Amino acid sequence: MEISFFGVLGRILSTSGFAGIAVDPRQLIMIILGCVLLYMGIVKKYEPLLLVPIAVGVLICNFPNTGILNGPGEGNNIGFMWVLYQGVQYAIYPSIIFLGIGAMTDFGPLIARPSSLILGAAAQFGVFTAFLMALLVFHFSPQESAAIGIIGGADGPTAILVASRLAKDYLPAIAIAAYSYMALIPMIQPPLMRLLTTEKERKVKMEQLRPVSKAEKIIFPIAVMIFVVLLIPDTAPLIGMLMFGNLLKESGVTDRLSDTAQNSLTNIVTIALGLSVGCKATADTFLTIRTIEIICLGLVAFMLSTVGGLLFGKIMYKVTGGKVNPLIGSAGVSAVPMSARVSQVEGQKANPSNFLLMHAMGPNVAGVIGSAVAAGFFLNIFG
Amino acid sequence: MHITQLTTGEGLLVALYGFITVMLMLLALVAVVNFVSWIVRKFEPKKPVSPASYEVLERPAADGKYTGEVSLIDVDEKTAACIMAIVSDETSIPLNQLIFKRIRLIKEGEK
């Protein structure tokens, strides 16, 4: 074998990523997209904890000739990202994230006012409407339509779990849409809230919630887990882990586990989840008209879920004789605690002495349960 | 059963059934949560608060007049004043519009 300086240099250049980009320039577009996502995460601070790992995943998987996505039998070695992705493939990461969410969530406001669960259900309206639109207008398959509809649940891990089971090719688009819209809630929801409610309704001050005992808080996750998982077994990974995490928090005897679930474990899995989702955004699957359609449908789903929650909030306002502020209905879209904060801000704009945050936290955590139930329904039908 | 296609009618039915399922499920949860709360409150012994640990602090209004009173339980006046100031600041509600009924020290493991 003859070795020459220019021969080696030529070989390095021909196998470099630059040469790969020259062959398929679409990868350059994906690298630029990765940089845009990094800008949104770092400069605009849109869900940076997830958007930054997703963006880096997009970058890494679109560098040509790395073999980082190689599975068994493809290339010389199994790629690092392929290994990481198995956590998404088998729904491990979303379930562990739910464990962390459960450990961070206080279900007290929901226990104090159980009727707020209905607002969490009403706010799933967008999920099923977007499912229909994806199916009938954009002619996605039933499985793909279900995964797209779940974006309206405003729950990233749930969207990822459903997409990983029902629409693997569209997982990155669905995840990016879900997290982007969650970050944009302060911009998406307020115009709808002001449009659908009157000044009088927004001014409503709600009665203080009753105190919830420790025993109620401990029994709640156990009862919900038993009831929901027995009724819809497909919700087991999400509801089971959510309630397990909450039990760790409330039991008072597993503080170390609760602390790990809330912090270290969730942080580690967030990194793995973000990278895994990003690494599926390859030029072949992402740069299509379908991606744009998914992004648009996701926005529609989000808006309709907000509308569903608000309209049911108005019904509750009427039924209770004006005791419920309908603004808390929009918090039913999940996205804890962002949408509850939006309710609080809008409530205070109408009436500076209004304090809706704790009242909105009830529908907010109910939305997490509601979107998990909707996901379980779709997995049951189409899984 | 692996569904690969749905007609318009079937799609509408799936969406409708899905929404109804979520509604019914969460309505049933309302009943479960209410039932659990009822059971717990029925069997949980009520802890009487020792009258000796009560201290009453008259709450000054912003205009200097005294209105109402707040019960302090195992909390000194200085701490109570701090708590009231923080709540007022966080909620942007003037102190003279806030009504504090009771400020109680919650010990670890206590409800």
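In what follows, every heavy atom counts, from backbone to side chain, and hydrogens, waters and symmetry copies are set aside. Given the structure is predicted, the values throughout are model-derived calculations rather than measurements. Just so it is clear: chains get the letters A, B, ... in the order the sequence lines come, proteins before strands, and each one is counted from 1.
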Check whether [X] gets within reach of chain B through its side chain, its backbone, both or neither, counting any heavy atom under 4.5 Å.
| X | answer |
| --- | --- |
| A:Ala366 | backbone |
| A:Gln348 | side chain |
| A:Ile118 | both |
| A:Phe312 | side chain |
| A:Arg210 | side chain |
| A:Val127 | neither |
| A:Ile111 | both |

Chain B interface, residue from A:Ala146, A:Ala122, A:Ala374, A:Gly120 that has the most non-hydrogen pairs under 4.5 Å | A:Ala122
Based on non-hydrogen pairs under 4.5 Å, which of A:Ile369, A:Thr129, A:Leu110, A:Val228 is most in contact with chain B?
-> A:Val228
Atom pair NZ/CG of A:Lys314 and A:Asn325 - distance to nearest 0.5 Å | 10.5 Å
Under 4.5 Å from a heavy atom of chain A, the part of [X] involved:
| X | value |
| --- | --- |
| B:Leu12 | both |
| B:Ala31 | neither |
| B:Val32 | side chain |

Answer whether the closest heavy-atom distance between the side chains of B:Leu24 and B:Phe19 falls below 4.5 Å.
-> no
Could you please spell out the steps behind the side chain to side chain contact (heavy atoms under 4.5 Å, CB included) verdict for B:Val87 and B:Phe100?
-> CA-CA 10 Å; B:Val87 172; B:Phe100 291 88; 4.0 Å; yes
Any side-chain donor-acceptor pair under 3.5 Å between A:Thr105 and A:Asn246?
-> no
Consider only side-chain N and O atoms of B:Thr79 and B:Asp76, and report whether a donor and an acceptor are under 3.5 Å apart.
-> yes
Take the angle between the ring planes of A:Phe378 and A:Phe128 and call it parallel below 30°, perpendicular above 60°, tilted in between.
-> tilted
Under the side chain to side chain contact (heavy atoms under 4.5 Å, CB included) rule, what do A:Ile150 and A:Ser371 come out as? Steps first, then yes or no, please.
-> CA-CA 7 Å; A:Ile150 281 292; A:Ser371 55; 5.6 Å; no
Taking the six-membered ring where the residue is Trp, are the ring centres of A:Phe227 and B:Phe35 under 6.0 Å apart?
-> no
Salt-bridge test for A:Asp106 and A:Lys217: reply yes if a basic N is under 4.0 Å from a carboxylate O, no otherwise.
-> yes
For chain A, find which of B:Asn34, B:Ile39, B:Leu29 contributes the most heavy-atom pairs closer than 4.5 angstrom.
-> B:Leu29
